[in-house]
Amino acid sequence: MPTFRRWGKSRFQKNPESSFKLLAAVLVITLYLLIKEFSNPTLRNSKTQNLGARIQHTEWQNGTDAADEDKAASVRRAMKYTFWRYRENAWGYDDIKPVSGGNSTTRNGWGAFIVDSASTLALMGLWDELALSVEHIVTTDFTTAQDLVDPFETTIRYLGGLVSLVDLSDAGMIPENIITTETRDTILGQAVALANSLAPAYDTPTGMPWPRVNFTLAEGVPDPPEIYIENPDKPRFMNPVIGPARTGSSILENRALTRLTGDPIYARNSTLAWTPLVWNKWITPWKGMVDAPIDIMTGEPAGRQRHWDGGHDSYYEYLVKMTLLAPPLENYLGTYKKTFLDAAFSLREHLASRSAPSPDHTMQHLYIGRQDAEWYLNRQGHLACFAPGTILLGSKFYNEPYLRTFALALLEGCHHTYASTPSKIGPESWSWIPKFGFDDPIYAPNTDRQMNEWKTHGFWSTDAKFKGRPEYVESLFYAWRIAGEPRYREWAWEAFSAMEKHCKAPYGYAQLADVFQPTAKEWGSNGEDRWIDAQESFWAAETLKYLYLTFSNADTASLDRWVFSTEGHLFRMIR
């Protein structure tokens, strides 16, 4: 009588060992494919991406999330002007001197502007310009350097720029005739070559990086002598010391590189570098915040400075951004979240202070000071204006409404420094008289100019330069995308209009010598003294990028799908 089993007795029943071998082979192959896919996803079209996180504002009214085409086009024209003046006068050098048309080589001689600005060109759809940049990138030798290499600046500007180009290409945001599959792989190879050359930076007992790397000798080295010549007040210690930003701001770039290559060494090095900060074994008085500078050989604080300003800033930024970048089931994300929240609430409790009313300005504003041992320093730098955007990002992702209110108040304080000056651009640093808790503040106005600024605005500039920095407009971008209030777009346009009016020079966008004296007639001669003949690559990498994205459609480079590095480079969330 026929049966349904054509072969009678099953082959597996005849040879059970074969069945286990086949099953094991299937499992191994399946596991390999899963690992390969998660290590190096084959995604090439942004439309197929899953929603990574729920960050952006969703209750837009009357199409307010649409692009403001005219304003976005104005920023795009500024980027084209920046690019072509550099292309015509300083191509291949790190930066152009925007007043004289000269050039400078301060970032290893690899063309910092070209690499740092490439992701901005991609988002703006400037394909002719991007094609020229890609031609340079794929032929540059990132394994040799003219001088000692700064691992921090090199990671955020160069490595981040290269990795971001690959991610943008994989997401289908760059036409394949600009970055072909072969070119994409070449750019990734350039990132690997650079990361491998930077590896000796992490060769310390703690894993914290050396201040510099000698590419010729393939070893980490201390700060070069010129650092102390340029900064004679910089203290010297027995071992090299660094700030939290230098050891805590490479994890996004390197984690993305590990995802793209499948090589865990990059994630390992960068994770070990910030381990002494996240799992801090030294007693500090405020939760979440570390004392600095830090001895790279022992991990012990060599000073008692605590703040979110320059030198410390991006470590705290990367705590929250790492929880967005990494897969949700990864170990330690809860630790990163708790450390960030502790640090943000410590900042609010200990370092934020309201300005006391002044004779002609009764309104109070919230600023961020610094702590140095037992001293509260009532001074804030422009760099610290990144904090409102980062805290707002954390408040949304972690559902912390008190931090949202705090972040927007800090942003209003930064806006006040812009709105108060004749140029409508904020200074590099400023001070104020705290209203509460400090009867005898460390800083007080001690010149006629400082006294007049304080009486009129409630703060006074301690460094009146504008260096083209992005932090204020960066926070406006986050505020617009997360809070959705039109005033943040308006403030961004005011800032851009002021930069266009006062910073545009014959060969790019110059820095300002004094935001309170921005016009040529105030300086005599031809008025060029109002400018500083320098244009850092972050002008194109960040300042113009965040302005453009503020006026673009709200879904362009959505915060639900992309994480921005401290240099403004985009990495995909894989969630």
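Since we're looking at a predicted model, the values are computed, not measured.
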side-chain contact (heavy atoms from CB on, under 4.5 Å) with Glu88: which residues, sequence neighbours excluded?
Trp84, Arg85

Partners of Pro200 by side-chain contact (heavy atoms from CB on, under 4.5 Å), sequence neighbours excluded?
Val213, Ala218

Backbone N/O of [Y] and side chain of [X]: donor-acceptor pair under 3.5 Å:
{"X": "Trp210", "Y": "Asp203", "result": "yes"}
{"X": "Trp110", "Y": "Tyr93", "result": "no"}
{"X": "Arg530", "Y": "Asp514", "result": "no"}
{"X": "Asn103", "Y": "Ala90", "result": "no"}
{"X": "Thr258", "Y": "Ala267", "result": "yes"}
{"X": "Gln380", "Y": "His382", "result": "no"}
{"X": "Asp309", "Y": "Gly381", "result": "yes"}
{"X": "Gln190", "Y": "Thr140", "result": "yes"}
{"X": "Ser164", "Y": "His569", "result": "no"}
{"X": "Ser346", "Y": "Lys287", "result": "yes"}

Specify whether Phe142 and Tyr158 have parallel, tilted or perpendicular ring planes, treating 30° as the upper limit for parallel and 60° as the lower limit for perpendicular.
perpendicular

In terms of the angle between their ring planes, are Trp91 and Phe83 parallel, tilted or perpendicular, with boundaries placed at 30° and 60°?
perpendicular

Quick check: do [X] and [Y] have side-chain heavy atoms less than 4.5 Å from each other?
{"X": "Val241", "Y": "Ile296", "answer": "no"}
{"X": "Met208", "Y": "Ile242", "answer": "yes"}
{"X": "Leu325", "Y": "Met573", "answer": "no"}
{"X": "Leu383", "Y": "Ser429", "answer": "no"}
{"X": "Met289", "Y": "Tyr316", "answer": "yes"}
{"X": "Met79", "Y": "Thr120", "answer": "yes"}
{"X": "Tyr266", "Y": "Thr261", "answer": "yes"}
{"X": "Asp167", "Y": "Leu570", "answer": "no"}

To the closest 0.5 Å, what do you measure between [atom1] ([X]) and [atom2] ([Y])?
{"X": "Lys281", "Y": "Glu300", "atom1": "NZ", "atom2": "CD", "result": "8.5 Å"}
{"X": "Ser133", "Y": "Ile114", "atom1": "OG", "atom2": "CD1", "result": "6.0 Å"}
{"X": "Lys80", "Y": "Leu544", "atom1": "NZ", "atom2": "CG", "result": "13.5 Å"}
{"X": "Asp147", "Y": "Thr106", "atom1": "CG", "atom2": "OG1", "result": "10.0 Å"}
{"X": "His502", "Y": "Tyr509", "atom1": "NE2", "atom2": "OH", "result": "13.0 Å"}
{"X": "Ile391", "Y": "Ile368", "atom1": "CD1", "atom2": "CD1", "result": "6.0 Å"}

Do you know which two heavy atoms are closest between [X] and [Y], and how far apart they sit?
{"X": "Ala495", "Y": "Tyr472", "answer": "CB-CE2, 4.1 Å"}
{"X": "Ile187", "Y": "Leu162", "answer": "CG2-O, 3.7 Å"}
{"X": "Val290", "Y": "Leu277", "answer": "CG1-O, 3.8 Å"}
{"X": "Phe571", "Y": "Ser565", "answer": "CE1-CB, 3.7 Å"}
{"X": "Met173", "Y": "Leu123", "answer": "CE-CD2, 3.8 Å"}
{"X": "Val221", "Y": "Pro211", "answer": "O-CD, 3.5 Å"}

Between Ser119 and Lys545, does the side chain to side chain donor-acceptor pair (under 3.5 Å) criterion hold? Intermediate values first, please.
CA-CA 9 Å; Ser119 60; Lys545 178 186 280 124; 2.9 Å; yes

Within the 3.5 Å criterion, strictly below it, is a donor on [X] or [Y] matched to an acceptor on the partner's side chain?
{"X": "Thr390", "Y": "Glu317", "value": "no"}
{"X": "Thr183", "Y": "Thr180", "value": "yes"}
{"X": "Asn108", "Y": "Thr154", "value": "yes"}
{"X": "Glu253", "Y": "Tyr318", "value": "yes"}

Pair [X] + [Y]: basic N to acidic O under 4.0 Å:
{"X": "Glu428", "Y": "Arg469", "value": "yes"}
{"X": "Asp291", "Y": "Arg306", "value": "yes"}
{"X": "Arg184", "Y": "Asp170", "value": "yes"}
{"X": "Lys97", "Y": "Asp533", "value": "no"}

Quick test of your reading: applying side chain to side chain donor-acceptor pair (under 3.5 Å), list the pairs with at least one residue in residues 329-338, sequence neighbours left out, ordered by first then second residue.
Arg255-Glu330, Lys338-Asp342

Show me the pairs that pass side chain to side chain donor-acceptor pair (under 3.5 Å) and involve residues 236-249, at least two apart or across chains.
Asp150-Arg246, Asn239-Asp295, Ser249-Ser314

N/O donor to acceptor pairs below 3.5 angstrom from side-chain atoms of residues 536-543, sequence neighbours left out:
residue: Glu536; atom: OE1; partner: Arg157; partner atom: NH1; Å: 3.0
residue: Glu536; atom: OE1; partner: Arg157; partner atom: NH2; Å: 3.3
residue: Ser537; atom: OG; partner: Asp116; partner atom: OD2; Å: 2.7
residue: Ser537; atom: OG; partner: Arg157; partner atom: NH1; Å: 2.9
residue: Trp539; atom: NE1; partner: Thr82; partner atom: OG1; Å: 3.3
residue: Thr543; atom: OG1; partner: Gly468; partner atom: O; Å: 2.8

Would the number of heavy atoms belonging to other residues, nucleotides or ligands and lying under 6.0 Å from [atom1] of [X] be above 12?
{"X": "Trp282", "atom1": "CH2", "answer": "yes"}
{"X": "Glu182", "atom1": "CD", "answer": "no"}
{"X": "Leu217", "atom1": "CG", "answer": "yes"}

Kindly determine whether Ser250 and Tyr202 satisfy side chain to side chain donor-acceptor pair (under 3.5 Å), including the steps that lead there.
CA-CA 11 Å; Ser250 64; Tyr202 301 99; 3.3 Å; yes

Taking side-chain hydrogen bond (donor to acceptor under 3.5 Å, both in side chains) as the definition, give me every residue that meets it alongside Thr556, ordered by chain and number, with sequence neighbours left out.
none

For Phe564, the option from Leu252, Leu549, Leu324, Leu393 that meets side-chain contact (heavy atoms from CB on, under 4.5 Å)
Leu549

